[in-house]
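Here is the structure we will look at.
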There are 2 protein chains.
Amino acid sequence: MTSSPHFHILIEKIFSINVTAEELKSIPEPSLRRLPVYLQYLQNARETGKTEISTTLIARDLRLDPTQVRKDLAYTGIIGKPKIGYNIDILINSIEDYLNWNNLSDAFLAGAGNLGLALLGFEQFTKYGIKIVALFDNDGRKIDREVKGVPVLPVEKMASLAKRMHIHIGIITVPASSAQSVAEQMVAGGIKAIWNFAPKMLKLPEEIIVENAQFATSLAVLTRKLAESLKMVE
Amino acid sequence: MTSSPHFHILIEKIFSINVTAEELKSIPEPSLRRLPVYLQYLQNARETGKTEISTTLIARDLRLDPTQVRKDLAYTGIIGKPKIGYNIDILINSIEDYLNWNNLSDAFLAGAGNLGLALLGFEQFTKYGIKIVALFDNDGRKIDREVKGVPVLPVEKMASLAKRMHIHIGIITVPASSAQSVAEQMVAGGIKAIWNFAPKMLKLPEEIIVENAQFATSLAVLTRKLAESLKMVE
DNA sequence: AATATATTGTGAAATCCATCACAAAATATT
DNA sequence: AATATTTTGTGATGGATTTCACAATATATT
Ligand SMILES: NC(=O)c1ccc[n+]([C@@H]2O[C@H](COP(=O)([O-])OP(=O)(O)OC[C@H]3O[C@@H](n4cnc5c(N)ncnc54)[C@H](O)[C@@H]3O)[C@@H](O)[C@H]2O)c1
Ligand SMILES: NC(=O)c1ccc[n+]([C@@H]2O[C@H](COP(=O)([O-])OP(=O)(O)OC[C@H]3O[C@@H](n4cnc5c(N)ncnc54)[C@H](O)[C@@H]3O)[C@@H](O)[C@H]2O)c1
């Protein structure tokens with residue numbers, strides 16, 4: 001980069017140039033992870049009839065630092081008014097746009113078991129930018145049914161169908177032992193991003209985006225902190 | 001702290017003094033979050049018949065920095081051999097001990113719906129240190145049944161039962177609108193750590209440990225990175 | 001036995017992220 | 001109209017985490 005990122009952003013604001021991949025990448029991952037938390041908080045706040053909100057208040061309610069909230073929100077391009085704060089509707093839109101959650105992406109889900117069907121039943125995914133359009137399984141008893149209007153198809157058809165339908169997102173809820181093979185079939189079908197619920201690290205080409213929904217990670221923090229706090233009172 | 005942490009740990013090793021809350025706290029949270037990833041990787045590696053493993057190899061497979069892996073593992077107290085690496089069995093045990101996953105903790109789960117039942121059916125939780133011993137719901141049709149040997153009870157009984165059974169961990173899989181009230185009932189029952197799947201920030205006393213299993217967070221990273229990579233090829 | 005090699009363990013440096021401090025701006029109050 | 005108050009936006013600072021650099025060590029090779 002030859003010019004400073006700050007200068008770049010200024011230029012973008014003035015001339016409405018589309019941000020490039022370079023700039024898109026520049027948000028710190030911790031900030032990115034906080035954006036959905038703000039979003040959910042703001043949607044709640046909107047329901048109470050509020051129209052404006054300050055980072056002072058957001059930070060108090062979410063137990064964060066106000067400057068941190070301001071800097072996080074700034075990544076989405078939002079501009080506030082001193083002494084007032086931000087317009088809630090505009091702010092919500094700004095975050096959703098930034099996350100690309102205003103454009104629903106179609107997704108395939110492999111593994112129509114307990115977790116897979118629970119995910120399918122979770123209507124709120126449409127709020128999070130994705131829509132599950134087909135399930136795939138290798139169990140004959142599950143195939144060729146429809147669940148909540150979504151067809152369950154044989155996993156062999158997944159790759160070709162993904163290609164034909166230009167699907168970019170795959171969700172894996174098969175047992176760990178099948179996860180690698182299913183992931184490879186997804187990649188063969190042109191899928192670019194995989195949300196993996198199986199407790200198994202996938203080995204895939206570098207350019208494939210893999211987000212592991214590791215329940216174990218979450219539990220590690222929980223059980224460890226609990227052990228700490230129980231030790232403390234001993 | 002008057003003496004260096006390093007000195008402390010040495011003393012602990014020599015005299016087998018229990019680590020105190022002070023020392024327990026000292027692991028960086030990013031390191032803590034990586035431990036379950038190593039654990040799962042190591043369990044896989046063990047199944048292939050390996051008995052020793054180096055951080056060089058772990059790092060290559062998990063796409064991490066070898067020094068980082070070494071420092072992370074060191075928090076669990078493991079000691080390796082130059083030129084060889086670590087004994088896999090001992091290393092696995094060391095991580096499990098550190099996370100307290102060798103002592104199963106009983107947990108209550110509120111919300112016997114899609115996700116709650118999927119979680120119940122997930123036997124591997126016993127590998128992650130917890131055991132769901134009772135479900136609670138407010139839907140008469142679900143109450144007083146047993147699911148996989150675990151009773152479904154009316155949510156009104158949760159607090160008193162938690163107290164009586166000295167339950168420390170609660171899992172919330174009720175709709176967002178009921179999450180706060182259910183969480184408060186858990187706290188009233190003496191529960192100290194809550195694993196919250198409802199997309200709702202809970203307002204609870206500071207000493208209560210809350211770990212939000214935010215699906216939205218995971219998806220934000222996925223959809224954002226995907227948007228970036230699609231921009232790139234434009 | 002001497003040398004080469006791969007790895008651990010750890011201070012030091014670099015990078016990344018969170019927090020502090022404060023000027024500028026918008027509104028409310030006197 | 002002047003002053004006080006609250007908040008935004010941001011450069012500077014501090015702290016946490018990652019990465020680098022390298023000595024020490026265990027084993028393999030000659
Ligand atoms: N259930 C949970 O709460 C939970 C939580 C965290 C992680 N997970 C993980 O999610 C995955 C699914 O868990 P689950 O409880 O839903 O298991 P499940 O057994 O209920 O479902 C797995 C489904 O995958 C199908 N399947 C198996 N191999 C396949 C293949 N090669 N191609 C296509 N489909 C295939 C099976 O027929 C079944 O329908 C597992 O990896 C599990 O470890 C589950
Ligand atoms: N299903 C998913 O894949 C998924 C994913 C992420 C998050 N979530 C969240 O998890 C929660 C549960 O989702 P779900 O799909 O299982 O919903 P669900 O409607 O299938 O289950 C909710 C259960 O909670 C019970 N319940 C409602 N109010 C209660 C109360 N006050 N006390 C006790 N029980 C009560 C209901 O009777 C029902 O059995 C929701 O907050 C949802 O947003 C679900």
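Please read all numbers here as calculations on a predicted model, not as lab measurements. Chain naming here is simple, since letters A, B, ... match the order of the sequence lines and numbering starts at 1 in each.
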Notebook entry, point to check: What string of B, S and - do you get for nucleotides 24-30 of chain C, 5' to 3', when a contact is any protein heavy atom under 4.0 Å?
Noted result: -BBBS--
Find the distance [X]:[atom1] to [N]:[atom2] and express it as a whole number of Å.
X	N	atom1	atom2	result
A/I58	D/dG9	CD1	P	12 Å
A/E29	D/dT18	CD	C1'	15 Å
A/I79	D/dG9	CD1	C1'	10 Å
B/D72	D/dA16	CG	P	17 Å
B/Q68	C/dC16	CD	C1'	13 Å
B/Y86	D/dT25	OH	C1'	13 Å
B/L73	C/dT7	CG	P	15 Å
A/D65	D/dG9	CG	C1'	14 Å

Tell me whether the side-chain N/O atoms of [X] come closer than 4.0 Å to OP1 or OP2 in [N].
X	N	result
B/T55	C/dT8	yes
B/R34	D/dT18	yes
A/Y75	D/dG9	no

Check: How do B/T67 and A/S31 order along DNA chain C: which one's closest nucleotide is nearer the 5' end?
Finding: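 The residue closer to the strand's 5' end, by nearest nucleotide, is B/T67.
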Check: Of B/L57 and A/R70, whose closest DNA chain C nucleotide lies nearer the 5' terminus?
Finding: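 This one resolves to B/L57.
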Margin query: Quick one, B/R33 with B/E211, criterion salt bridge (Lys or Arg N to Asp or Glu O under 4.0 Å). Give me CA distance, side-chain angles, the key distance, then yes/no.
Written below: CA-CA 12 Å; B/R33 290 187 174 274; B/E211 182 68 19; 3.2 Å; yes
Checklist line | Among C/dT19, D/dT17, D/dT8, the one nearest B/P28 by side-chain distance | finding: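 The closest nucleotide is D/dT17.
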Item checked: Of the listed nucleotides C/dA18, C/dT8, D/dC20, the one nearest the side chain of A/P30 ->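 For the A/P30 side chain, the nearest candidate turns out to be C/dA18.
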Item checked: Any pair counted as side-chain hydrogen bond (donor to acceptor under 3.5 Å, both in side chains), so long as it reaches residues 177-186 of chain A, sequence neighbours left out ->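 Listed once each, the pairs are A/Q180-A/E184, A/S181-A/Q185.
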Check: With a 4.0 Å cut-off on heavy atoms, is B/T56 in touch with a base, just the backbone sugar-phosphate, or nothing at all?
Finding: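 Here B/T56 touches the backbone only, sparing every base.
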Next item on the list: Would you indicate what A/S54 reaches in the nucleic acid, counting non-hydrogen atoms under 4.0 angstrom: base, sugar-phosphate, or nothing?
Entry: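 Contact class for A/S54: sugar-phosphate only.
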Notebook entry, point to check: Is it the case that A/N100 and B/T223 place a side-chain donor and acceptor less than 3.5 Å from each other?
Noted result: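 Not at all, the side chains of A/N100 and B/T223 share no donor-acceptor pair under 3.5 Å.
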Next item on the list: Report the relative orientation of the aromatic rings in A/F215 and B/W195; use parallel for angles under 30°, tilted for 30 to 60°, perpendicular for over 60°.
Entry: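 Ring orientation of A/F215 relative to B/W195: perpendicular.
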Next item on the list: Begin from the C-alpha positions of A/F125 and A/F122 and carry the test ring-ring contact (aromatic ring centres under 6.0 Å, His included) through to its verdict.
Entry: CA-CA 6 Å; A/F125 275 140; A/F122 187 49; 4.9 Å; yes
Next item on the list: Report yes or no: does B/S218 contribute a side-chain atom to a donor-acceptor pair with the main-chain N or O of A/A213 at less than 3.5 Å?
Entry: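 Not a single qualifying donor-acceptor pair exists.
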Item checked: Under 3.5 Å donor-acceptor pair, B/K71 side-chain atoms to D/dT19 base atoms ->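 By the distance-only test, yes, there is a pair.
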Notebook entry, point to check: How far does CD1 of B/I130 sit from CH2 of B/W101, to the nearest 0.5 angstrom?
Noted result: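 Atom-to-atom, B/I130:CD1 and B/W101:CH2 are 9.5 Å apart.
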Next item on the list: Please round to the nearest 0.5 Å and tell me the distance separating atom CG of B/D65 and atom CG of B/L62.
Entry: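 Rounded to the nearest 0.5 Å, the CG-CG separation comes to 12.5 Å.
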